[in-house]
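Worksheet: one structure, shown below.
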Amino acid sequence: MKPNLPRLIIAAALAAALSVPAFAQQTAADNSAFILTPPAPQEPRINGPKVYGARPGADFLFRIPATGKRPMTFSAKGLPKGLKLDPESGIISGCARKRGSYRVRLTATNSHGSCMRELRIEIGDRIALTPPMGWNSWNCWGNSVSQEKVAGSAKAMLEKGLADYGWTYINIDDGWQGLRGGKYNAIQPNSKFPDIKALADYLHANGLKLGIYSAPWCGTYAGHIGSSCDNTEGTYPWVEAGIVDSVYKLDRSKMKRDSLWYFGTYSFAGSDARQWAEWGVDYLKYDWNSNDPWWLKDMRQALLATGRDIVYSISNSSKPAMGPVLAGNAECWRTTGDIRDNWDSIFKIGFGGQDRWAGFKAPGRWPDADMLVVGKVGWGPKTHWTGLTPDEQFTHITLWSILSSPLLIGCDMEELDDFTLSLLCNSEVIDVNQDPLGIQGVRQYGDDSYATYVKPLEDGSLAVAMFNLSLTPKNIGFVPSSLGLIGEQQIRDLWRQKDIGRVDHGERWETEVAPHGVVFLRLSPGLTGEKLKGFCGPKVKSLKAK
C-alpha cells in the first residue's frame, strides 16, 4: 500500500485488514481448570474507573465499560456542558470548558434489567486519575509491529470484551518511525504504518485511544530516529549514509545501536507533539535512561502546548531521586527495566522495589511496574505462551492491581485463550487497581517465603493480597485488628467474586496458598465511623478457611 494513496482508499484498506482471520494459533496449555473468574451476568454491569479527568477545552472521550447482553442502551445525567452521550455505543464525547467536579449518573439497560453507577468527571489540570489500562505492542511484536497488527489488536479488544471492563489504550511502541517531514517537520511513519490518522479515527469511533512512542535521544532503543537532532533540518547522518533498512531502522551489522543514544543539539519535541496531536494521539511513551529533568520537561511543555490531553508516560528505570520531578511533569513513569515472562523477573520487579514509590503515587501520578506478560508474548515476529505458571499469573495480575500500577497488556490480543481472558476480565480485581483514592498497596507482613500486601479503598474496605513466595504450599493469614480494622469483617474472594466467610477483629483467619500463588481478598466494611462499645482489644482466636 502506498502512503500517498487518497485517505478514503487507505481507510477502506484498513477496514478490510480488520476483518482478516487471526494469525494461525499455536497450541496453548489447557489452563481451564485454573479459571476462577465467573462469567459476567446477562444483566448490565458497569465496570472500570469511577473517576475520569480531562483538561478544560480538550477533546473528551470516555466509553462506558459495561458487560451484559447486547443490545444495550445508555443514559447519563449531570454531564458537564459541552459533553454528549451516544445512547447506543455508550461513548461520551465533546469538549467541557468549565472547570469543576461533576457527579454523573450513568445507566446501562438491556432486556435483562438496568444498572446505575456514578462517574465523577473532573475538569481540571490532571488527567489519568486512575491507572491507564490498555495494550502495548512491544512485548508481543517488538520491532515487527505494523498497522495491521495494531488494528487487529484493537479489533480483538472490542470483540473479546476487554473494552467492556475499561481496557482503553492501544499503544504503538518502537518501530513505527520513518523520516522527518510534513508541515511540522515531525517524524513521519514508515511504510508499515500507511495512515496513523485513519487508525486513530477508527479507535476513537469505537471509544478506544491511541498511544505512540519516541525518545529524546537522536535514536531510539530499536534504532529509529528520535525527537532530537544535531541540525535544524532534522536529518540524521546514519540515515543519509544508508545504514538503515527499508523502514529506516539502523542496520546493526554496520553500526551499534547505542551510538544513537545521545541527546541532539536541537529538540524537535514541539514539532513531534503537534503532529501527534493532529493525528489524534492520546498517549506518549517517552523512553530513555537515565531520565533527566530538562528533557522530561521539554516534552511535557510541548504536549501541553498542543491543547490535547495526551497521557505522558516516561520510560525507563526511573529512580526515586527523580520522583518529585516525575510527579510534577508526567502521568506515568517506569520504575524498572524491561519485564520478562518468568518468575525471577516478576519477583524482582514486583516485590523488589515498588514500595519505595508509594509516597509518589496519587491520582494522575502512576509509578509503572511495566507491562503484563500473560498470554502469548514474544518481542518479535515469533511468539510463545508465557513462561509463567497459572499461579504465577494470578500473582502477577494481583500484585499489579494492588500496587495501582498501570495495566498494559503485552500479548497477542488475537490469540487470547479463555484463561488469559479470565485474568484480564475480572471486574472486582480491576476495581482495586482503579480505586479512586489511588493509594498504592504496601507490604504489611512478610519474609523470604511470603508477603501480605494491603490497600485502603475509597469505600473504607481493605484489599488484602497474601502471596506465597516459596515453592511449597503455605498457610498465610491475618488478624483484622493488626491491619487496623475493628469489628466483624466480611471476607470476599476477589478472583472468585464471592463471599467466603466472616471474621471478628480479634480472630485470626488463614488459608493455604499455592506455591508462587496468591489469595486476593476484600475486607468489608473495613473502617467504619460507628461508635465503639465494650472491649475492643486483640484477643486472638484462629479460624481457617474451608
Side-chain angles (χ1 to χ4, degrees), residues 32-52 61-79 83-93 102-121 130 133-134 154-168 203 205-208 397 401 407 409 413 416-436 457-459 461 490-500 520-522 524-525:
S32 57
F34 293 92
I35 293 176
L36 301 181
T37 303
Q42 290 293 299
E43 58 266 30
R45 184 176 64 192
I46 298 176
N47 306 301
K50 297 178 181 178
V51 59
Y52 184 84
L61 182 68
F62 180 84
R63 182 185 192 273
I64 300 173
T67 51
K69 185 177 180 180
R70 262 50 179 188
M72 187 180 295
T73 58
F74 299 86
S75 65
K77 293 184 178 180
L79 284 173
L83 301 187
K84 62 181 180 180
L85 168 70
D86 182 322
E88 294 185 0
S89 67
I91 296 174
I92 302 172
S93 61
Y102 302 85
R103 295 189 176 275
V104 181
R105 180 175 176 175
L106 305 177
T107 303
T109 304
N110 67 7
S111 59
H112 290 265
S114 293
C115 173
M116 189 278 288
R117 188 177 187 183
E118 184 178 272
L119 174 68
R120 178 163 50 90
I121 294 178
T130 58
M133 294 175 59
K155 182 171 181 281
M157 184 175 284
L158 293 164
E159 292 185 347
K160 298 188 179 185
L162 280 88
D164 298 333
Y165 290 85
W167 299 95
T168 301
L203 296 179
N206 287 280
L208 302 181
I397 302 296
S401 174
L407 299 178
I409 304 165
M413 296 287 284
L416 285 170
D417 63 317
D418 290 342
F419 173 69
T420 306
L421 274 171
S422 76
L423 292 172
L424 301 174
C425 296
N426 185 304
S427 59
E428 297 189 24
V429 171
I430 290 171
D431 279 348
V432 174
N433 177 266
Q434 296 288 292
D435 188 75
L457 304 176
E458 184 186 43
D459 65 357
S461 63
Q490 177 71 57
I491 304 172
R492 186 167 181 82
D493 185 319
L494 295 179
W495 279 111
R496 292 177 172 83
Q497 296 186 356
K498 69 176 184 179
D499 296 335
I500 58 173
F520 198 15
L521 307 172
R522 187 170 187 151
S524 302

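Just so you know, residue 1 is the first one in the sequence shown, and it goes up from there.
Asp435 contributes atom CG, which lies 4.5 Å from atom CG of Leu457 (distance to the nearest 0.5 angstrom). One distance of note links CD1 of Ile121 with CG of Leu106; it measures 7.5 Å at 0.5 Å rounding. Leu208 contributes atom CG, which lies 13.0 Å from atom NZ of Lys155 (distance to the nearest 0.5 angstrom). The CD1 atom of Ile64 sits 4.5 Å away from the CD1 atom of Ile92 when rounded to the nearest 0.5 Å. Once rounded to the nearest 0.5 Å, the distance linking CD of Glu43 with OG1 of Thr109 reads 12.5 Å.
The side chain to side chain donor-acceptor pair (under 3.5 Å) check on Thr107 picks up nothing, with sequence neighbours excluded. In this structure, Ser401 has no side chain to side chain donor-acceptor pair (under 3.5 Å) partners at least two apart in sequence or on a different chain. Residues passing the side chain to side chain contact (heavy atoms under 4.5 Å, CB included) test with Pro38, sequence neighbours excluded: Gln497. Lys77 meets the side chain to side chain contact (heavy atoms under 4.5 Å, CB included) test with Arg105; sequence neighbours excluded. Asp459 meets the salt bridge (Lys or Arg N to Asp or Glu O under 4.0 Å) test with Arg522; sequence neighbours excluded. With sequence neighbours excluded, no residue satisfies side chain to side chain donor-acceptor pair (under 3.5 Å) with Thr168. The ring-ring contact (aromatic ring centres under 6.0 Å, His included) search around Tyr165 returns none, not counting sequence neighbours. In this structure Phe419 satisfies the ring-ring contact (aromatic ring centres under 6.0 Å, His included) test together with Phe394, sequence neighbours excluded. Here Ser75 pairs with nothing under the side chain to side chain donor-acceptor pair (under 3.5 Å) rule; sequence neighbours left out. With sequence neighbours excluded, the residues forming a side chain to side chain contact (heavy atoms under 4.5 Å, CB included) with Arg70 are Met72, Phe74, Asp164, listed by chain and number. Checked against side chain to side chain contact (heavy atoms under 4.5 Å, CB included), Pro87 has no partners two or more places apart in sequence or in another chain.
Side-chain atoms of Asn426 come within 3.5 Å of backbone N or O of Leu494 as a donor-acceptor pair. In this structure, Arg63 contributes its side chain and Ala163 its backbone to a donor-acceptor pair below 3.5 Å.
Note on residues 423-433: pairs passing salt bridge (Lys or Arg N to Asp or Glu O under 4.0 Å), not counting sequence neighbours, are Arg117-Asp431, Glu428-Arg492.
Under the side chain to side chain contact (heavy atoms under 4.5 Å, CB included) rule, Lys160 has a single partner from Leu424, Thr420, Leu416, which is Leu416.
Heavy atoms of other residues, nucleotides or ligands lying less than 6.0 angstrom from CD of Glu458 number more than 12.
Here the closest heavy-atom approach between residue Asn110 and residue Pro71 is recorded as CB-O, 3.4 Å. Taking each heavy atom of Phe62 and Pro49 in turn, the nearest pair found is CE1-CG, 3.8 Å.
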